[in-house]
Every structure is written in C-alpha cells, then in structure tokens.
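Accompanying notes for the structure given below.
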There are 2 protein chains.
Amino acid sequence: MGERSVNLKALAAHLGLTVSTVSRALNDYADISPATRKRVKLAADQLGYRPNQNARRLSIGTPETICYLMPRQIGPNAQPFVAQLLAGLGEALNERNWDLLVSQADASVGDLASIERLVKSGRIAGLVISRPLKNDPRVRLMQNLGCPFVVHGRTEKCDGYAWYDVDGEDAFVTAVNHLARLGHRRIGFIGAPLQYQFAQERLDGYNRGLTHNGLSQDPELVQIAEFTDEGGTAAAGILMDLPRPPTAIVCVTDMMALGALEALHARKIRPGTDVSVIGYDGLYFGKHAHPPLTTLAQPQAHAGRRLGDILLSIIDGADPTKFQELQRAHLVQRSTDGPVTSNTGQTIVSEREDSL
Amino acid sequence: MGERSVNLKALAAHLGLTVSTVSRALNDYADISPATRKRVKLAADQLGYRPNQNARRLSIGTPETICYLMPRQIGPNAQPFVAQLLAGLGEALNERNWDLLVSQADASVGDLASIERLVKSGRIAGLVISRPLKNDPRVRLMQNLGCPFVVHGRTEKCDGYAWYDVDGEDAFVTAVNHLARLGHRRIGFIGAPLQYQFAQERLDGYNRGLTHNGLSQDPELVQIAEFTDEGGTAAAGILMDLPRPPTAIVCVTDMMALGALEALHARKIRPGTDVSVIGYDGLYFGKHAHPPLTTLAQPQAHAGRRLGDILLSIIDGADPTKFQELQRAHLVQRSTDGPVTSNTGQTIVSEREDSL
DNA sequence: AGGCTATCCGAAACCGGTTTCGGCACGCAA
DNA sequence: TTGCGTGCCGAAACCGGTTTCGGATAGCCT
C-alpha cells in the first residue's frame with residue numbers, strides 16, 4: 001500500500017536525469033560516465049528501486065520464465081518427487097533470475113488447449129513435460145508451436161527432441177539378473193498401463209532379462225494394474241493365487257511394490273524369504289516398509305537441476321537433439337530380495353547393503 | 001519458430017480495423033457493434049490469436065500471478081504434500097486464468113532479499129508462505145511491503161494476517177487422551193526444534209493433554225530432534241533407554257514416528273503391543289509401515305484450494321483478518337496404538353478402523 | 001431541410017521499461 | 001581560430017496490449 005513502488009520515472013526525476021539515461025546507467029552501458037553510473041546505482045539502492053519485470057520482459061522480448069507441467073495425480077498417493085524436482089529447476093533458473101511457473105496438465109484435450117494458450121500468450125520461454133505417454137500429444141504440440149521444451153522421460157519415438165530419463169529397461173534387466181542369480185526361475189511382473197512409455201520400457205527390460213537368463217516368458221506372470229498401492233495389491237494377489245505362483249516379483253513402481261507386500265502378508269507369505277519383491281523408484285519410505293523394500297533407485301537428486309540447464313541451453317539456441325540423457329538406476333538391496341527357498345521356509349542370509 | 005505468433009496489430013490489419021477497436025471487441029465493450037464483435041472474435045479464433053500476457057498485465061496493472069514459497073527441504077526426505085498443495089492452488093487460480101509461480105525461500109537473510117525483490121518487481125499480486133517460524137521475518141516483510149499474503153500454518157502472534165492451519169495443539173490433546181484411555185500413564189513426546197511454531201503448538205497440546213488426564217509432566221519424557229526419521233530414531237532411543245521408559249510415544253510428524261519404530265525394532269520392542277506410537281500428518285505411506293502407523297491425519301486435500309481462494313479474496317480487497325481458519329486433525333487408528341500390557345507381552349486385541 | 005442524439009469506430013495516451021539515434025559540449029590537433 | 005572526433009546524455013520509437021476521448025456517420029424527429 002502507501003506509495004506505489006518507485007519506478008524508473010520517479011528515480012529519474014529524483015536524480016534530475018531522463019529515464020533512458022538511468023536505464024542505461026543501471027544496465028552498465030558504456031556511454032554513461034562512470035560517475036553517473038555510480039550515482040544512479042546508489043540512488044536506486046537507497047530508494048529500493050526494482051525494475052518492473054512485466055515491463056522489462058515485454059521490452060526485451062522474452063518472458064524469462066519457464067513452466068513445469070505437473071502431471072495430474074491419481075488419488076491421495078502423493079507425488080513425492082515434485083518438490084525435489086522443482087527445487088532443482090529453481091536452482092538452475094535462479095542464476096539468471098528467471099521464474100518458474102507451475103501448471104497442471106496431462107495429455108487430455110482440455111489440457112492441450114490450455115498448454116497452447118500458455119505458449120501463445122508469451123508467458124513462457126520453454127517448458128518441462130513430465131511422465132509422457134508412448135505417443136504424447138503434448139510433445140507434438142510443442143514441436144508444432146516451435147516452443148523449446150524438454151521431457152522428463154521419453155516417448156516411444158524419442159529422437160528429435162530433448163529428454164532426460166532413467167533407463168528403465170536396463171534397470172529391469174538388472175533386477176531380473178539379480179533374481180536369477182539368487183536362483184529364481186519364475187519371476188512375476190507387476191506393471192502399469194502400457195500407454196505410459198516408462199511402463200513399456202520396464203516390461204521390455206523384464207522380458208529381455210528373462211531371455212538373457214534363459215527363462216521362458218509366461219504371459220500369466222505379467223499383471224498390469226493402475227500404478228497405485230491398491231493396484232499392486234490386486235496384481236500380486238492374482239499372481240500368488242496362480243496354480244504355479246512366482247517365487248519373485250518385480251514391480252514397476254515402489255508404490256505398487258508396497259501394495260504387493262500387503263497381498264503377500266495377507267497370504268502369510270514372507271517377502272524376501274518366501275517370495276522376493278523388487279520395486280522401482282528408490283522411494284525413501286521404502287526403508288520403513290515391512291520388511292524394508294529392495295528397490296532400483298533412480299538418481300534423481302539432480303534431475304531438476306539438469307532439466308533446467310538443458311531447457312535453458314535450448315532456449316539459448318542449442319540443438320535439442322544434443323540433449324538426450326539416459327541415467328542408470330542402481331539396485332538398493334534392503335530386505336525383500338533373497339534366494340529361492342524350499343517350502344520349509346528356510347532361508348540363507350546374505351550380506352545386505354543399504355546405501356542412501 | 002516460423003512466423004511470430006499473431007499479435008493484435010496483425011489481427012487488426014487482417015480485419016481492416018484498428019488495434020483499439022479489435023481490443024475492445026475482444027473485451028466485449030458495448031460501443032462495438034455486435035456484428036463487428038462477432039467478426040473480430042471469429043477471426044481471432046481462426047488466426048489463433050492469444051493476447052500477450054506480459055503486455056496485457058503491464059497495461060491493466062496487475063501481474064495476475066501469485067507465488068508459492070516452497071520451504072527448503074532437509075535431506076532426501078521428500079515433501080509429499082507440495083504436489084497436492086500446488087494442485088489445489090492451481091485449481092483456484094485457473095478459474096481466473098491466473099498463474100502460479102514457485103520460489104524456494106525460507107527465513108534466511110538471502111531469501112528475504114529475494115522475496116523483497118520478487119514483490120517489488122511487480123511479478124506477483126500475492127504469495128503463500130509455508131511452515132512459518134514462531135516469529136517469522138517473512139511475515140513481517142510482507143506486512144511492511146503491503147503485499148497480500150496468506151500463511152499455511154501460523155506464527156506465535158498470529159492476529160493481523162490471514163492463515164490456514166490445522167490445530168496441532170488440539171490434535172495432541174486428542175492423542176494423549178486416546179493413550180490415557182488405553183491406560184498409558186508414562187507418555188513420551190518426540191518433538192522438533194521449537195523455533196517452528198507447529199512444534200511448539202504440538203508440545204503445548206501434549207502438555208495440556210497430560211494435565212487434563214492428571215498425569216505429571218516429566219521433562220525427561222520430552223525429546224527434541226530434527227524432524228527426520230533419523231531424528232525420530234535417535235529420540236526414541238533415548239526415551240526407551242531411560243530407567244523408566246514410556247509405554248507410549250507421540251511424535252510430532254509421521255516421518256519421525258517411522259524413525260521411532262526403527263528404534264523400537266532395534267530393541268525388540270513391539271510397537272502397538274509393548275509400546276504405543278502415534279504420529280502426525282496422515283502420511284499415506286504410514287499404511288505400509290511395520291506395523292501400520294496410527295496417526296493424526298490432517299485434512300489437507302483442500303488446503304491448497306482454500307489457500308488460493310483466501311489469497312485471491314485478499315487481493316480483491318477483503319480484510320485478511322477475516323481469514324483465520326483452523327482445521328481439526330482426526331485420529332486414524334492403524335496398528336501402533338494399543339492398551340498398556342504387562343511384561344509378558346500379552347495383548348488385548350481391540351477393533352481397528354483404517355479410514356482413508 | 002436542419003438539428004440532435006445515438007451508434008460505432010479511430011486517434012492517441014498510457015503501462016514501465018529498453019534501445020537506437022542524434023546532438024551538445026568539450027578537448028585536441030591543425 | 002577553425003575543424004573534428006569523442007564522451008556523455010536527451011529525445012523518441014518501440015514492446016503489445018488497454019482505455020479514454022473525440023469525431024464521423026447514420027437515423028430520427030420536428
């Protein structure tokens with residue numbers, strides 16, 4: 001309230017100079033004498049002058065803002081990663097004093113329209129897309145609009161734009177290898193709807209891991225469900241009620257794996273002893289699961305920072321196809337994986353490491 | 001790329017009208033004939049015209065944007081609520097086509113400066129402060145700047161501005177009452193640093209609950225630690241290693257409660273049987289803890305939406321002090337609470353409900 | 001026919017900055 | 001003394017919209 005915040009005109013009047021002179025002084029133009037520059041900056045500090053960013057950005061022709069497209073969430077299961085991701089993005093943007101906008105939009109028609117409005121209205125210089133579908137209309141839209149963007153994840157056909165992803169296929173090969181080494185030969189897979197590219201990749205990795213270890217692909221061992229804990233519970237229930245149930249299960253997310261554990265408990269099956277379970281994400285809470293969940297952890301501490309840097313580079317004119325970065329997940333062994341055991345329930349204790 | 005997006009001048013030229021006429025037509029001014037209005041809007045649609053928001057907002061004098069001040073996180077423990085909160089805020093803003101900015105800032109000197117820059121630069125019309133300290137300089141700063149704001153949580157002296165909070169004191173009275181009814185007379189408290197107002201409130205509730213049930217306040221039963229799971233583990237360890245350990249523990253957050261469970265397990269103490277543990281937050285993952293964590297759940301599905309609506313009202317000129325809303329937490333009984341038992345470990349099974 | 005009002009649109013100022021251009025005053029060399 | 005280049009600042013256009021104001025045209029009435 002009180003007086004309006006001091007603007008350039010007021011500052012110029014205070015100094016007895018014109019706005020153009022003051023503006024150039026503040027922006028370190030060489031044609032302003034050092035003495036005047038100093039005097040102007042001092043007065044600006046004292047009066048607490050801050051340039052109006054709307055006006056400035058209109059003038060310089062860039063919004064100096066990027067947008068993070070937050071996926072819509074399903075149910076109360078929080079998205080524990082967005083805070084960390086936003087923090088990383090913010091860090092990258094802060095160095096230039098750019099702003100971070102957040103908008104919620106998935107691949108629905110209405111959301112596509114709002115994305116188009118957002119871009120065309122000149123509010124943002126680029127955006128980050130999360131959790132893409134196999135064939136995501138948001139990606140095509142961005143390409144048609146000619147608006148810089150980077151995808152956190154990949155689509156099925158992922159050449160031609162920038163993305164940053166964790167290699168889910170490789171991760172599931174690793175998981176199956178690990179279980180095969182423990183003696184498992186019937187390994188179940190709990191997946192998410194295959195419209196999501198990450199779900200397809202992880203299923204591919206599972207299958208590749210099976211053949212690599214000389215195991216046959218049994219269709220009844222593959223269960224697709226919604227990626228919530230309830231989905232995991234339902235899928236694991238189906239798997240364990242099979243005539244020949246698996247001795248190990250890999251799950252497409254930790255949340256589903258937690259749900260799977262419930263199904264095992266309900267059947268008095270001991271996870272890690274009777275049946276192994278491996279999740280994916282590296283969810284921190286997995287530590288406190290019962291028993292602590294073995295998982296494939298994504299290195300996502302720097303995802304936000306990296307996505308921000310990539311997007312800024314593209315906005316600066318870099319070739320988007322130069323930025324296609326694949327990170328590797330690593331196995332965090334906690335307590336839900338173990339060797340195959342006989343029906344007596346006897347188990348062989350092996351060394352455990354709990355990094356992170 | 002390609003052609004620049006069509007602006008008002010181009011649209012006017014295309015129609016053979018002036019920009020002022022087109023602008024008024026689009027904004028439904030009465031002095032533009034209905035026929036012209038229709039013609040203009042049709043052409044705008046066909047050409048895909050979207051007004052430049054930076055220009056528009058500069059002209060109309062409001063940034064049409066609010067900012068969520070995201071608290072800096074500590075360690076890898078994600079903040080599971082921010083996604084939900086942002087979704088709610090976005091929902092409130094969408095109805096007006098306002099934007100949501102996210103900035104990370106706590107109460108440090110450097111962050112205060114960046115908040116001041118943000119406000120003075122005219123980028124935002126208001127902001128949301130989260131997780132305030134007892135005496136939070138951000139609140140004072142906003143008051144001095146005369147910038148509309150709403151606090152998610154409260155400071156110690158919380159009259160004079162708008163806030164939305166859950167009654168932590170009441171919640172902890174409820175928790176202590178519940179435990180007292182189960183027969184517990186030595187109840188421990190695991191708290192967070194008292195510079196956070198929520199930590200103080202919950203401690204106050206704990207103490208009030210004790211006296212209300214005729215229990216004495218034993219200082220050694222109050223342990224303050226960092227609000228992480230490790231902090232909870234350490235604090236619970238101290239409590240359980242006491243000569244006269246408590247038979248029940250209330251924890252200031254679910255994360256700390258999960259840590260406390262680890263300390264119990266390490267000592268072969270069965271949570272819910274030998275020692276009761278009650279957390280606070282209603283964290284979804286508590287369902288999968290070992291055993292499932294009893295907790296006081298905050299009704300936070302609508303927090304974001306409500307905070308957004310409140311802030312918009314204040315920006316519209318409403319009196320901030322009219323918006324001081326206190327929600328109640330409710331007990332979600334899972335499996336870590338139970339009656340006091342003798343040393344034999346015998347337990348009385350009681351009914352459980354697991355709402356949510 | 002003349003005057004008056006209502007209708008509709010164009011002209012121009014403005015929001016608050018940035019940036020190009022031109023000109024004044026000065027110093028220096030011829 | 002004149003001329004010229006240089007240093008320094010002011011004037012003005014511009015970014016892309018909104019909004020006030022004034023004027024032209026048409027219609028209506030007497």
Side-chain angles (χ1 to χ4, degrees), chain A residues 3-41 43-44 47-65 97 99 117 119-125, chain B residues 3-41 43-44 47-65 97 99 117 119-125:
Chain A
E3 332 76 64
R4 294 278 287 274
S5 66
V6 25
N7 58 11
L8 200 56
K9 194 191 296 183
L11 179 59
H14 174 82
L15 283 164
L17 294 171
T18 64
V19 289
S20 76
T21 301
V22 174
S23 173
R24 279 172 301 156
L26 291 174
N27 291 323
D28 285 322
Y29 274 56
D31 66 345
I32 303 294
S33 74
T36 306
R37 279 214 291 264
K38 196 169 174 183
R39 189 166 72 96
V40 168
K41 287 184 177 179
L47 296 190
Y49 166 75
R50 299 291 171 192
N52 181 305
Q53 293 297 64
N54 268 329
R56 182 171 162 275
R57 288 166 179 175
L58 170 61
S59 184
I60 64 180
T62 155
E64 294 188 334
T65 302
N97 281 313
D99 286 334
R117 220 173 29 238
V119 171
K120 283 197 172 176
S121 68
R123 274 175 289 186
I124 59 171
Chain B
E3 329 79 62
R4 295 277 289 272
S5 67
V6 26
N7 57 12
L8 199 56
K9 194 191 296 182
L11 179 58
H14 174 82
L15 284 164
L17 294 171
T18 63
V19 289
S20 75
T21 302
V22 176
S23 172
R24 278 172 303 158
L26 291 173
N27 290 323
D28 285 320
Y29 274 57
D31 65 347
I32 303 293
S33 75
T36 305
R37 280 215 288 264
K38 195 170 175 182
R39 190 167 70 95
V40 168
K41 288 184 178 180
L47 297 190
Y49 167 75
R50 300 290 171 191
N52 181 305
Q53 292 298 68
N54 268 329
R56 181 171 163 276
R57 289 166 178 175
L58 170 62
S59 184
I60 65 180
T62 155
E64 294 189 332
T65 302
N97 281 313
D99 287 332
R117 221 174 26 238
V119 171
K120 284 197 172 175
S121 68
R123 274 175 288 186
I124 60 171

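Since the model is a prediction, treat every value here as computed from it, not as a measurement. A, B, ... follow the sequence lines: proteins, then strands. Residue 1 opens every chain.
Here B:N27 reaches the OP1 or OP2 of D:dT18: one of its side-chain N or O atoms lies under 4.0 Å away. Taking 4.0 angstrom as the limit, A:T36 places a side-chain polar atom (N or O) nearer than this to OP1 or OP2 of D:dC9. Considering only side-chain N and O atoms, A:R56 lies nowhere under 4.0 angstrom from the phosphate OP1 or OP2 of C:dG16.
With hydrogens and angles ignored, a donor-acceptor pair under 3.5 angstrom links the side chain of A:D31 to the base of D:dC9.
The shortest side-chain heavy-atom distance between A:Q53 and B:I124 does not fall under the 4.5 Å cut-off. Contact of the B:R123 side chain with the B:T65 side chain is not registered, since no non-hydrogen atoms from C-beta on lie closer than 4.5 Å. Put simply, the side chain of A:R56 does not reach to within 4.5 Å of the side chain of B:N54, judged on heavy atoms.
A:S33 comes within contact range of the sugar-phosphate backbone alone, with a heavy-atom separation under 4.0 Å but no base atom that close.
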*asked:* B:N97 vs A:R117, test: side-chain contact (heavy atoms from CB on, under 4.5 Å). Steps then yes/no.
replied: CA-CA 10 Å; B:N97 281 313; A:R117 220 173 29 238; 3.8 Å; yes
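Set against D:dC15, D:dT19, D:dG10, the side chain of A:S59 has D:dC15 as its closest nucleotide. Counting only heavy atoms from C-beta on, B:I60 has its side chain closest to D:dT19 among D:dC9, C:dG17, D:dT19. Checking C:dC9, D:dG17, D:dC15 against every side-chain atom of A:L58, the shortest atom distance belongs to D:dC15.
Looking at residues two or more places apart in sequence or on another chain, you find no salt bridge (Lys or Arg N to Asp or Glu O under 4.0 Å) involving B:K38. A search for salt bridge (Lys or Arg N to Asp or Glu O under 4.0 Å) contacts involving A:R57 returns A:E64, A:D99, not counting sequence neighbours.
Atoms CD (A:E64) and P (D:dC15) sit 18 Å apart, rounded to a whole Å. If you measure from atom CD1 of A:I32 to atom P of C:dC21, you get 16 Å, rounded to the nearest angstrom.
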So which protein N/O to nucleotides 11-13 of chain C N/O distances come out below 3.5 Å?
unit_1 : atom_1 : unit_2 : atom_2 : d
C:dA11 : N6     : B:S20  : OG     : 3.2

